[in-house]
Every structure is written in structure tokens, then in C-alpha cells.
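Below is one structure, written out as C-alpha cells; the observations come after it.
Because only heavy atoms are used, hydrogens play no part in the values below, and waters and symmetry mates are left out as well, while side chains stay in. Note that the structure is predicted; figures quoted are calculated from it, not measured. For ligands, and for the atoms within them, numbers begin at 1 and follow the listed sequence.
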Amino acid sequence: MIRSRIAGIGHYVPEHTVTNDDLAKRMSTNDEWITERTGIKERHHRKNRNDSEETTAFLGFKASEKALEMAGLTAKDIDYIIFATLSPDYYFPGCGVLLQEMLGCDTIGALDVRNQCSGFVYAMSVANAFIKSNAYKNILVVGAEVHSFGLDFSDAGRGVSVIFGDGAGAVVLSAAEGEGKGDILAMNMHSEGKYADELCTKFPGSKYGWSDRMRLEPENVTDAEVYPHMNGNFVFKHAVTRFPETMEEALKAAGKTVEDLDMFIPHQANLRIAQFVQQRFGLPDEKVFNNIQKYGNTTAASIPIALSEAIAEGKVKRGDLVLISAFGSGFTWGSVLFEF
Ligand code: UT7
């Protein structure tokens, strides 16, 4: 039996922090509203909005270096890359190939996953399937975002732009054989595309690229159509329904109960969502890890950043049973239950 074991993990965020008060200087918002509605106190943004150095692939590269170091591997040992992001460096190609080049990996496969907030969970499910089928031995799974370049910092965008932050997390998932600690025990993935328009960025997109138009027109920019749109209340209501469903499904599939869990790490979308789910399952504070207060919502990066921090702080130890769950744009949602 081949086990899928997390051999290494790391995270990286740009140095520059942006507090709620900093945002209040740029738009009609305030620390009280942001804290009360989301739990967020600050987030990291790359310093210069036009900085072409601190790209999404670069943040992923920095996180990957740390994950490789913890795993005791080099880039040459990696035989597949899975990169989850909604904010790629280019419209195409994806960030996976850019990371392959930055790390100096061999000409290995590089897959990009576009499942937004659930991106990392989806990416882990693919990596697990590859490992279990003996296709690859060491897979680098990355979630990274640079949101700060693509948010509307005018009053019109305040409902979205105060929430998101930049950052990256990376995991080396390795094949292990025989008895021992560490394995992915259960996973489930879901989608409901009828709600695609409730949380999306529409431009540039081929749906709008009819023959006499370019990929983007100046009016798309002036009409703020290039920025993310989120029907916050609607997304919130679905999130608090889908989180418990996917969590229960994963636990049941592995023959575990919520009492068996050592740690639950939800996608860091909103502290109120995480607290609702915690209460619903009666989980004590020490069994739920949140760090949205410091990073905001970093979409595909939020779970690997949180898992990396929880491990670094000794809150997740080898052999612990950990559940990661996400819900977001698509709608997509899912969970991965694993022994660390
Ligand atoms: O990670 C992907 C998945 N995403 C999520 O799970 C997000 C789910 N949704 C949410 O987290 C919440 O819906 C938000 C935090 C986005 C919004 O919180 P809310 O309690 O649903 O607020 P709301 O959108 O209903 O807005 C309430 C009021 C509005 O004013 P009026 O119409 O009541 O006068 C907004 O205009 O708050 C206003 N508002 C703001 N005020 C100050 C919206 N954004 C801001 C702001 N600062 N940044």
C-alpha cells in the first residue's frame, strides 16, 4: 500500500503589511467594520502594485523552497508540479511552468488548477491520486495568489478589496510505503456551476470576446468589470451549509468522528464562517486554526499558509488527524482528511 505523506511544507508572504487603518485612508471603510464582519486586522500586499518581481509564481517559488528544505529534497527530486491560483502571472501559460523554470526542475509535468478558494484542496486530491496510483513519487503542490494587483481600491470595490491578501503555501506530497505515519485518508470535491456569477471576475474572458472586440476594451476597465464581483451574503449562506456537509462526508468516508480530529483548518474566507462551523461541530479552540486576522483571505494559498504556520507553531504534530476544507467561487467546495 502506498501512502501519500506530507514530507515538507512552507509558506511565504510579501513583507509589506496593510492594516485596516491603511485601507481606511484609501476608501470609505474602517477597522471596526472589517474586524466585526471578517475578523481581518491586516493583510500582506506586495509593496509596489506594478512590481513584476513579486509575482504569484515567485511567491510560490519562495514557499516551495521552504517545503523542499523541510522534506530534505531538491528540485531535481520533484517529479510533478500542481499549482493552484486565480491570479496567475500571465493570462496563459499558467504558473506551474514558471515555477518549474524558477526551481530548475527537470522537464516534469506542471499542471495549473483553477478552483479559486478550493484550489489547494482540489490540487491535493489530484496529487494524492497520482501518488496512490504510483505515477509519481514527489509532487509539489502550491497555492499562491497576488490579489493586490487586481482589486478595486475605490469605494465601489470596498466589499471585496478589504478581504483579500497576497501569499503562498507549498507542500511536498511524497509516496511512502509500509507501516508508518502520514497518509491521506479521505477526500471529496464538489461543484455547482449555476452560481458561477455570484463570485467571479469576468474579464478578460472568451464569453465576451466577440469578433470585433479585443480581449479587453477600455470600458471594461472604467466600468470596473475587470475586478472581482462577490455577492457576499449569498456566498456566506452557501458556505455555512457546504462546509459542514463536506466535513462530515470526509470523516464518514474514513470511519472517523469529529472527536477523532486533532486539527481542523478551514479555508480562511471569513472568521465568522470558521466560528460558525466550529460551533456547529462543538470543536474546542485548540482544534481549529485560524490566521485570517494576519493575512486576510489568500484564496488558494490560505490553507497551506495556515497548515504551515500550525505545524511551525507545534499545533499540528506528526501522526495528528487533520481536516482541511474549503468553499468558494464556482461554487466549488471539498475536503481532504489526512494523518500528518
Ligand atoms: O473565499 C471565497 C468565499 N468567500 C466568502 O466566503 C465570503 C462570504 N461573505 C462574507 O464574508 C461577507 O458577506 C462579507 C464580509 C463579504 C460582507 O459582510 P456582510 O455582513 O455580508 O455585509 P454586506 O455585504 O451585507 O454589507 C453590509 C453593509 C452595506 O451597507 P448598507 O447597504 O447596509 O448601507 C455595505 O455597503 O456594509 C457596507 N460595506 C462596507 N462598509 C464599510 C461593504 N463593504 C464595506 C467596507 N467598509 N469595506
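Shortest contact from atom 2 (C) of ligand 1 to any protein heavy atom: C117 SG, 2.9 Å. Here the protein heavy atom with the shortest distance to atom 40 (C) of ligand 1 is W33 CE2, 3.3 Å. For atom 5 (C) of ligand 1, the nearest non-hydrogen atom of the protein is V235 CG1, 3.5 Å. Protein heavy atom at the shortest distance from atom 10 (C) of ligand 1 is N270 ND2, 3.5 Å. In terms of protein heavy-atom proximity, atom 9 (N) of ligand 1 is nearest to G232 O, 3.0 Å. Remark: minimum distance from atom 35 (C) of ligand 1 to any protein heavy atom is reached at R158 NH2, 3.9 Å. Protein heavy atom nearest atom 27 (C) of ligand 1, with residue, atom name and distance: R37 NH1, 3.5 Å.
Atoms of ligand 1 lying under 4.0 Å from any heavy atom of N297, numbered from 1 in the order shown and given with element: 1 (O), 2 (C). The distance from ligand 1 to the heavy atoms of L199 drops below 4.0 Å at these ligand atoms: 2 (C), 3 (C). Set against the non-hydrogen atoms of V162, the atoms of ligand 1 under 4.0 Å away are 48 (N). Close contacts of ligand 1 with T38, meaning ligand atoms under 4.0 Å from a residue heavy atom, involve 15 (C). Close contacts between ligand 1 and N233 involve ligand atoms 13 (O), 21 (O), 23 (P), 25 (O) [criterion: under 4.0 Å to a heavy atom]. Taking every non-hydrogen atom of T29 and a distance limit under 4.0 Å, the qualifying atoms of ligand 1 come out as 42 (C), 46 (C), 47 (N), 48 (N). Remark: ligand 1 atoms within the under-4.0 Å shell around heavy atoms of I273 are 6 (O).
Note that atom 44 (N) of ligand 1 has protein non-hydrogen atoms nearby, at separations under 4.0 angstrom. Atom 32 (O) of ligand 1 lies below 4.0 Å from none of the non-hydrogen atoms of the protein. Proximity of atom 47 (N) of ligand 1 to the protein is indicated by at least one non-hydrogen atom lying closer than 4.0 angstrom.
In summary, of the residues considered (T38, N297, N290), a side chain to side chain donor-acceptor pair (under 3.5 Å) with Q268 occurs for N290 alone. Here the rule is side chain to side chain contact (heavy atoms under 4.5 Å, CB included) with I81, and of L111, V141, I108 only I108 fits it.
Y90 and V226 end up in different hydrophobic clusters when Ile, Leu, Val, Met, Phe, Trp and Tyr side chains are linked at under 4.5 Å. When the side chains of ILVMFWY residues are joined at heavy-atom separations under 4.5 Å, either directly or via intervening members, L86 and V162 end up in two distinct hydrophobic clusters.
Between T201 and H229, every side-chain heavy-atom pair lies at or beyond the 4.5 Å cut-off. Residues M187 and Y122 have side chains not in contact (no heavy-atom distance under 4.5 Å, counting atoms from C-beta outward). Contact annotation: the side chain of R272 approaches that of R37 to within less than 4.5 Å [non-hydrogen atoms, C-beta and beyond]. Two residues are said to be in side-chain contact when any heavy atoms from C-beta on lie closer than 4.5 Å; V160 and D152 fail this criterion.
There is a side-chain donor-acceptor pair under 3.5 Å between H11 and S308.
Contact annotation: Q116 has no heavy atom less than 4.0 Å from any atom of ligand 1. Heavy atoms of I163 approach ligand 1 to within less than 4.0 angstrom. No heavy atom of Q268 sits closer than 4.0 Å to any atom of ligand 1. At least one heavy atom of R272 sits under 4.0 Å from some atom of ligand 1. Ligand 1 does not have L23 within reach: every non-hydrogen atom of the residue lies 4.0 Å or more from it.
Residue pairs meeting the salt bridge (charged side-chain N to carboxylate O under 4.0 Å, His left out) criterion with at least one member in residues 121-147, sequence neighbours excluded: K132-D183.
F83 and A57 get closest at one heavy-atom pair: CZ-CA, 4.0 Å. A254 approaches A186 most closely through the heavy-atom pair CB-CB, 4.1 Å.
Distance check, rounded to the nearest 0.5 Å: CE of M124 to CD1 of I324 gives 5.0 Å.
Distances from atom 7 (C) of ligand 1 to the heavy atoms of M230, E36, E198 show the closest one on M230.
K317 and D262 are not joined by a salt bridge, as no carboxylate oxygen comes within less than 4.0 angstrom of a charged side-chain nitrogen.
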